[in-house]
Visitor: 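One structure is given below, represented as structure tokens, and several questions about it will come after.
Only a predicted model underlies this, so the values are computations on that prediction, with no experimental measurement involved. To find a chain, count down the sequence lines: A is the first, B the second, and so on, and within it residues start at 1. Computation of the quantities below employed the complete heavy-atom set of this structure, encompassing side-chain atoms and omitting hydrogens, waters and symmetry-equivalent molecules.
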Amino acid sequence: MSGLILGPLVAAALAFTFPKRGRGMAWAAAGVVGIAVLSLIRAVLGGGVQSHRVSGWGAPLGIDLRADGLAVLLLALTALIAVAVTGYAAPYLRAADSPEARHRERYFWPLLLFLWTALNALFLSRDLFNLYVALELLGFAAVALVALEGKGDALRAALRYLFVSLSASLFYLLGVALVYGQCATVDLALVAERAPRGPALTVALALMTGGLIAKAALFPLHFWLPPAHANAPAPVSALLSALVVKGAFYLLLRLWFEALPVFHTPAAARLFGMLGAAAILWGSINALTQSRLKLLIAYSTVAQLGYLFLVFPLMTGRDGRFGAWCGGLLLLGAHACAKTAMFLVAGNILRAAGHDRIRELAGIAQVLPVSAFALGLAGVSLVGLPPSGGFAGKWLLLSAGLREGQWWVAAVILVGSLLAAAYIMRVMTRAFAPAVPGTWVRPVPPIMEGTALALALVAVGMGLAGSWFVELLWLGGPWP
Amino acid sequence: MSFLDFLSALLLVPALFFFVAGTVALLRFPDLYSRLHALTKADNVGLGFAVLALMLRAENGVEVFKLALIWGLVLAASSTVCFLIGQEAVRRGLKPWTRQSP
Amino acid sequence: MPALTVNATRHGSLPPAALKRLVGRAVVLALVWLGFTGDDGSSWIVGLPAVLAAAWISARLWPGVRWRWSPGGALAFAAYFVRESCLGGWDVARRALSPRPDLSPGLISHPLRLPAGPARHLFCGTVSLLPGTAVVGIAPDRIQVHVLDQSARVEADLRELERRVAAVFGITLPAEGGAP
Amino acid sequence: MIPQLLDGTLVLVVVALAWRALNDRDLFRGVIEFIALGLLLAMAWLRLRAPDLALAEAAVGSGLTGALILSALVRMRRREQAAAGQPAGVATGPWAKDRAKNFSRVLLGALSVAMLGTLAWAALSLPAKARGLTAEALARLPDSGVTNPVTAVLLNFRAYDTLLEIGVLLLAIVGVWALRRGEWPAADLRERPLLLSLLRWVLPLLAVGAGYLLWIGASAPGGAFQGGALLAGALVLALLSGLGRRLLRRGRLVRTGLTIGVLVFGVAGAVALGWTGGLLQYPTGQAGAWILVIEAAALVSIGLTLGLLYLGGRPGEK
Amino acid sequence: MNVLSLTLLGVLCSSLLTGLIIFFLKEESHRLRTWLNLLGAGLKLVLVAALLRGVYLGKTYAWSFEFLPGLPLALGADANSMLFVTLSTVLWFWTTLYAVGYLEDSPHRSRFFGFFSLCVTATTGIALSANLMTFLIFYELLTVSTYPLVVHRGTRKALQGGRVYLTYTLLGGAILLLAVAWLYSLAGPVPFKERGVIQGLMVSHRRELQWLFLLFMIGIGVKAAIAPLHGWLPRAMVAPAPVSSLLHAVAVVKAGAFGIVRIVYDVYGAENAAELGVLPPLAIAAGVTIVYGSVCALFQDELKKRLAFSTVSQVSYIVLGAAILGPLAAIGGLVHLVHQGLLKITLFFGAGNYAETLGIHRVSEMNGVGRRLPLTTAAFTVAALGMIGVPPLAGYVSKWYLSKGAVTAGDHWVTVVLAASSLLNAAYFLPILYRAWFLPPPEKWPAEHSFGRWETHWMLLAAPLVTAALVIWAGVFAESAFSPLAWVKLIAAREYGP
Amino acid sequence: MPDADPRLYLLAGLALFAIGFYSLVVQTHLLRRIMALNVMGSGVFLAFLALALKAAAPMPDPVPHAMVLTGIVVAVCATGLALALADRVQALEANEETPAPEEPPSAETGSEPEDAG
């Protein structure tokens, strides 16, 4: 567990100190984290939930780290995507040998490693305040990465993102203060033991939830996401969409199902569900009307995040509980991989064409066949066609909804899938059109295409490994 | 109350006097330049007395040393800041207030 | 400002003079540390590196400037300074608390006779702390002083101060009007 | 009676000043009020018996933050003036006479008041005597290697927080450097000889002072953060006076200084892990020494980071 | 995992792996690609033959893998699946051969054959699915893998056709998904079993089952092109001829028809479905589609469009067979699954040859093609006559059993429909034959290509000739032990037997 | 001097939070918004410390103190980052047509101190 934090953190520091070694540091961190994640998966599968008391004190005085199925899943996902982005970013950043490019590469690596540290810290920690620090680390790294693009839109988007992120963190922190005032602890498990239902914790939970849904870009607090994700450099967009927003969602799960499950009432759950549904529809419809590919993908993220929040209403009953949990998280994983693949493809397209205006992208399949294939596969998972991970996740959600008699969830899932199909089709249609001469000006290195394809394949293949994920997710989940 | 304590309290009287006087001067003096005088002189003296009073109450030499150091630093700083502000004012062409000017 | 034009000691082999300077400053700073912590011997675990670092900073900021000083002059100056400070404070207080502020302020220019360097700095720094005067500008050969009360006495005071500062550093001032 | 009056006044002034600072028509005055607010908050911390924080707030919360904002304001103003004399849309604030805007402002005001009401309702429902973790912290204090409870929490009980926090500091500077090139304050020292000679004396003294705060932090208010703040203050002074460039000439050295906190902390964590099997779990009886080493490294990084934040970008030659 | 289940996987992988390899082949490696294609198709033929023998001898083939807990991905080979898998494998082999010839020198062949193989993999998967979930998975895979084939040419029209195709099929897929999920939440995993698996729900969930049946029919009916869900089919005609053959004869439409057969026989069970009262509406829909499709075909001048509407009409024969209770109708419907496939593929091969060799796309341009392309036109004629139902060709056998079954079940109106349809078939096919054989050819064909010794490329010629031969065989030797009919009787016996 | 009433400071903290939030949303000037964030943060810290004082036996709870110290440092980092970003944005807006002076960061790598060592 410690390697997951120390590895990327120290690597980030070294990457900053020795700018020319940035990529090497990233690979070194990837090695450390990879070994750590694999051994952690083994440990969790073999011996159940793993805990670690940092500094040896234990809660409430100290900070506890815990790795259950959920945490391990997200850690592994993070490692996978970070490795992919590391592989992709090197040629991406070296697109041109200009001072800007050198500048970007110099700062990209430490920031990437910080982001990685923050995500790992977030997924491992069980301490509300420590999670705050991790959230801030995450937010700063994300904002700085967005701003790395350096263009006006990116800077403005980054600033807006920063404002949202910071104020959201403060809402969260005020909630933590109230929790501490009530329970005299910030450890999730102890809070769960000591939590009386009362105004203080209600308001605390509301504050924390408010902050986190802003960070998770749940409708209607999603407004910052599309510009930020669309204007960032492609590998950064991938990280943001795949992982960063998921971090906040993960924390919401921890709060509602681990720390303060007594507040998970049908009314609250329904509210989440409604917002999720609204996000799916709103995000998809907006995706349909975008003229730029990256914006389309970003709005698709808004929509796909909505699905995750359907977990809340589906977890109220007994029958669909497990299915909803696994379905939501499987969907999260599949979306992370698929979305990364899509953004990487968008990066390839941007590089090859110099722009990402959908109308003028005829002939992707002809010029960048591998990318087009990756885009299609990612789309398959996004739409939820079998046997992709997206399908497995939606299937589980759908059956949970039907089992719980929540028909509207089923309806939302289906409509969302169709809308997703519609906006994917907009792009794919262009892909198969004959290329217009003069559109495609630069070649794309094979590794950039291959990375995207690999991730798309993972997204699709995830469905086939559904049983394995479910087995993992069962460990340490919120079961009565 | 020991003699030293008494002496220390006694010293606080002039300290307070100079602080008040400095503040009044800051408010009453007509222009920036004159106000600089208020800050650099009266308050410094006030601080000097206060430091002296605290020195008498100090438990050991270490504290006396620290207090002296603080006083010295404040003196140096206020002199420097006074100069910097005054210089900036002159550079910006601020005319000093004189009896003749309204 | 000669200090500015003199480059910082280059890295690599330190010339003996630089080393001597470094040690000298470290000793002064170590005294400060001693003053802070008193007889707490174990504090030197932190103190020693801190002092060395501070000495290094000092050496970087202030490479070789040579000056000597006379203890007697310094003592006399200290007494003078305390007395004048009190007078200055009183002066302000009097003017502030009088029913009608008794002011006739103005700017005057004062030719400098002290050589450039620490002596001049001490002079300029002190002027502002003394009754009725505040430095608002420094030129190579003169300073601009704002006075609360434009009277002949200011000039005399300043000259007196100059003399005493010169005594601290053991400098003989050139004759009146013969500013360098 | 008098303490209540004092607390009441302080609280009222704080709240009023906060409002003024954020809504003053004159932005410059707002910034000054903001800085004053920081100082008053430091007093509030004292009243809440948190001297460690009073020190940090005065130095960092008010001083450094204020300096950062002020210098940004100056920079922006200059740019606005340079840009073709537009009435600087950025500086006008929310005072547009737009009906819809007014309406939304009223709405948001109502919302904020409602939020405040809810918050107050929740906060007042908290138990009057909280349990807190004082007892636990004091019980473990002898094992922590230090005697100042706050330092014990920061560097032992919750050292992991602090590790991440040092990470945040480094990240902030990396982010800022990635964003823009810093502007060396255009100080011509020939015109400010007094400042120069003052700083030559003061900066080394501040460095020693920072070391002292670090040392004292084990047992009394102080520690790496306060010491770092002092160091940062020194650095800001150096930058302001133009001396900073001389200290920051060697890029790799500066970067090493910025990262040494994370590196030492991280390596210490890893070594402790190998030694005792716990992340950041110091070997029995050696906690004090470990903390001192970590804090010393952290001090350097904190001081450099906070100081360099003032530069507002990566140090460049022009 | 034993040898038997390996055979199942082998059937799938023989096309899947070749497909994946082909994707990464260079455009120029023409020979390697062709060999790979034929190798995959041939291997599959061999494997299916082995499978066929095994099933005939009563061996059980099963392979399953739990991709979600309690949700196995299961393959199996029963009589029903063998019918479809054999058909698609045989036809795929010839279609591949045909496609290689057809696409010679056109761009993006690696992409084309990659998806082509995927498409057949999906079809095989549909055939071999042992439960509803597996069926759904391959069903959607089919949707996805055919789309690139439909839009292969990349023209505006192709893209539009592809969009319509995808819209229809994805909508259908979503509804099917809902139905499957719903059924699973009621009944747990749904394996395919003769006489259905829903007996336990018949009393308690009657209404739900009726709704579900409707959802299933809509979801699958899209691919089976039951009116009014057939809108995509004529527009998908823009695809290259081998693709059209694939869509109409082997894969998509057949998958839909096969799905309906599966739902009626192996999920609901024919008798259960009859008791729920859901079969008559289905029969009526099928009847309407048969007539409607034929009428539409009558007015198409574009050859492929005419064939497309003919498909709309003909596929509903299969549905009709499933919708009429009783073994005879079942035999008629199921055997038409095979027969229609053979007939329609021959027709499309012919149409492809006309287009490729002479540039002919319209019926009105077909004067005298019989003289220029005698062999092709002969095959075309055999298939057209078969469609009309001229004895003893394949179409006649299906229609015969269907009408006999309808009469037995008391649905006399069906015979009227069949008769009307046959008349209409004749009305839109005979003029073509007349033009082809008896009218003089024009002086110049729209775009003639010369292929040397034969009237056209030998690959283009071999495929229709073989399939036409099969048509004759399936009709003439219908009563022998090795005919589609014999196999279908086996299935019907299991479904309706004692 | 007796201890302060924690509730008073708690409410003050909440008030700062609300004021900060309102200003953050209403104000348009970037600097004001950054200050608003700081005020919000100070409000949270005030609340934390007031709660720490409630457990004042024999001394205030040191754990929130440590947290607030962490919070203050994080806040100043945030301010630094936000100011740098705001500065870039404002530079863009101030002269929308001509690129900001540091774009492209020409000759940067050669002269930056990072390379000098």
Visitor: Any luck finding a side-chain donor-acceptor pair between D:T256 and A:T17 under 3.5 Å?
Guide: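 Not at all, the side chains of D:T256 and A:T17 share no donor-acceptor pair under 3.5 Å.
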Visitor: Has the side chain of D:T305 got a donor or acceptor atom that lies under 3.5 Å from a matching backbone atom of D:L170?
Guide: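 No; judged by distance alone, with no hydrogens or angles, the pair does not exist.
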Visitor: Mind checking whether A:M1 and A:Q50 have side chains closer than 4.5 Å, heavy atoms only?
Guide: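 A:M1 vs A:Q50: side chains touch.
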Visitor: Under 4.5 Å from any heavy atom of chain A, what part of D:I260 do you find: side chain, backbone, both or neither?
Guide: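 For D:I260, no heavy atom lies under 4.5 Å from chain A.
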Visitor: Sort A:V186 into side chain, backbone, both or neither according to what part of it lies under 4.5 angstrom from a heavy atom of chain D.
Guide: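 Side chain of A:V186 only, per the 4.5 Å heavy-atom cut-off to chain D.
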Visitor: Exactly one of D:D161, D:I291, D:T162 should register a side-chain contact (heavy atoms from CB on, under 4.5 Å) with D:L154. Which one does?
Guide: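 For D:L154, the side-chain contact (heavy atoms from CB on, under 4.5 Å) test succeeds with only one of D:D161, D:I291, D:T162, which is D:T162.
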Visitor: A side-chain contact here means heavy atoms from C-beta on lying under 4.5 Å apart; do A:L131 and A:V176 qualify?
Guide: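 The answer is no, as the side chains (C-beta and beyond) never meet within the 4.5 Å cut-off.
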Visitor: Using a cut-off of under 4.5 Å on heavy-atom pairs, state which of A:W57, A:F18, A:Y180, A:Y132 scores highest against chain D.
Guide: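 If we count pairs closer than 4.5 Å to chain D, A:W57 comes out on top.
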Visitor: Do any N or O atoms from the side chain of A:S55 and from the backbone of D:N156 form a donor-acceptor pair under 3.5 angstrom?
Guide: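 Such a contact is found between A:S55 side chain and D:N156 backbone.
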Visitor: Below 4.5 Å from any heavy atom of chain D, which atoms of A:L201 appear? Answer side chain, backbone, both or neither.
Guide: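 For A:L201, neither part sits under 4.5 Å from chain D.
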Visitor: Relative to chain A, which segment of D:L273 carries a heavy atom at a distance below 4.5 Å: side chain, backbone, both, or neither?
Guide: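 Contact with chain A: side chain only.
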Visitor: Report the option among D:V262, D:I173, D:V174 that has the most heavy-atom pairs separated by less than 4.5 Å from atoms of chain A.
Guide: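 Heavy-atom pairs under 4.5 Å are most numerous for D:V174.
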Visitor: Could you tell me which of D:R140, D:E136, D:E165 has the largest number of non-hydrogen atom pairs under 4.5 Å with chain A?
Guide: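 When all of D:R140, D:E136, D:E165 are compared, D:R140 has the most.
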Visitor: Check whether A:L6 gets within reach of chain D through its side chain, its backbone, both or neither, counting any heavy atom under 4.5 Å.
Guide: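 For A:L6, the side chain is the part near chain D, not the backbone.
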Visitor: Taking the side chain as every heavy atom from C-beta outward, state whether A:T209 and A:F171 have any atom pair closer than 4.5 Å.
Guide: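 No; the side chains remain at least 4.5 Å from each other.
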Visitor: Side chain from CB out, backbone as N, CA, C, O: work out which of these in A:P60 comes under 4.5 Å of a heavy atom of chain D, or both, or neither.
Guide: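 Contact with chain D involves both backbone and side-chain atoms of A:P60.
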Visitor: Quick one: closest heavy-atom pair of D:R314 and D:L179, and the distance?
Guide: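 Between these two residues, the closest heavy atoms are NH1-C, 4.3 Å.
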Visitor: For the aromatic rings, using the six-membered ring if either is Trp, is the centroid distance between D:W275 and D:Y282 under 6.0 Å?
Guide: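 No: the rings miss the under 6.0 Å criterion.
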Visitor: Heavy-atom distances under 4.5 Å only: say whether A:F114 touches chain D with side chain, backbone, both or neither.
Guide: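 The answer is the side chain of A:F114.
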Visitor: Check whether A:A144 gets within reach of chain D through its side chain, its backbone, both or neither, counting any heavy atom under 4.5 Å.
Guide: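 Contact with chain D is through the side chain of A:A144 alone.
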Visitor: If you draw the axis of the six-membered ring of A:F129, does the NZ or CZ of D:R158 fall within 45° of it and under 6.0 Å from the ring centre?
Guide: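 No, cation not above the ring by the 6.0 Å, 45° rule.
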Visitor: Identify which part of A:L145 has an atom lying under 4.5 Å from any heavy atom of chain D, answering side chain, backbone, both or neither.
Guide: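 Contact with chain D: none, neither part.
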Visitor: For chain D, which of A:L178, A:T185, A:I63 has the most heavy-atom pairs under 4.5 Å?
Guide: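 Highest number of pairs under 4.5 Å: A:I63.
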Visitor: Flag the one option from A:V143, A:L207, A:I5 with the top tally of heavy-atom pairs under 4.5 Å to chain D.
Guide: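 Maximum pair count with chain D is reached by A:I5.
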Visitor: Answer with side chain, backbone, both or neither: which region of A:L148 has an atom nearer than 4.5 Å to a non-hydrogen atom of chain D?
Guide: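 When you check distances to chain D, only side chain atoms of A:L148 fall under 4.5 Å.
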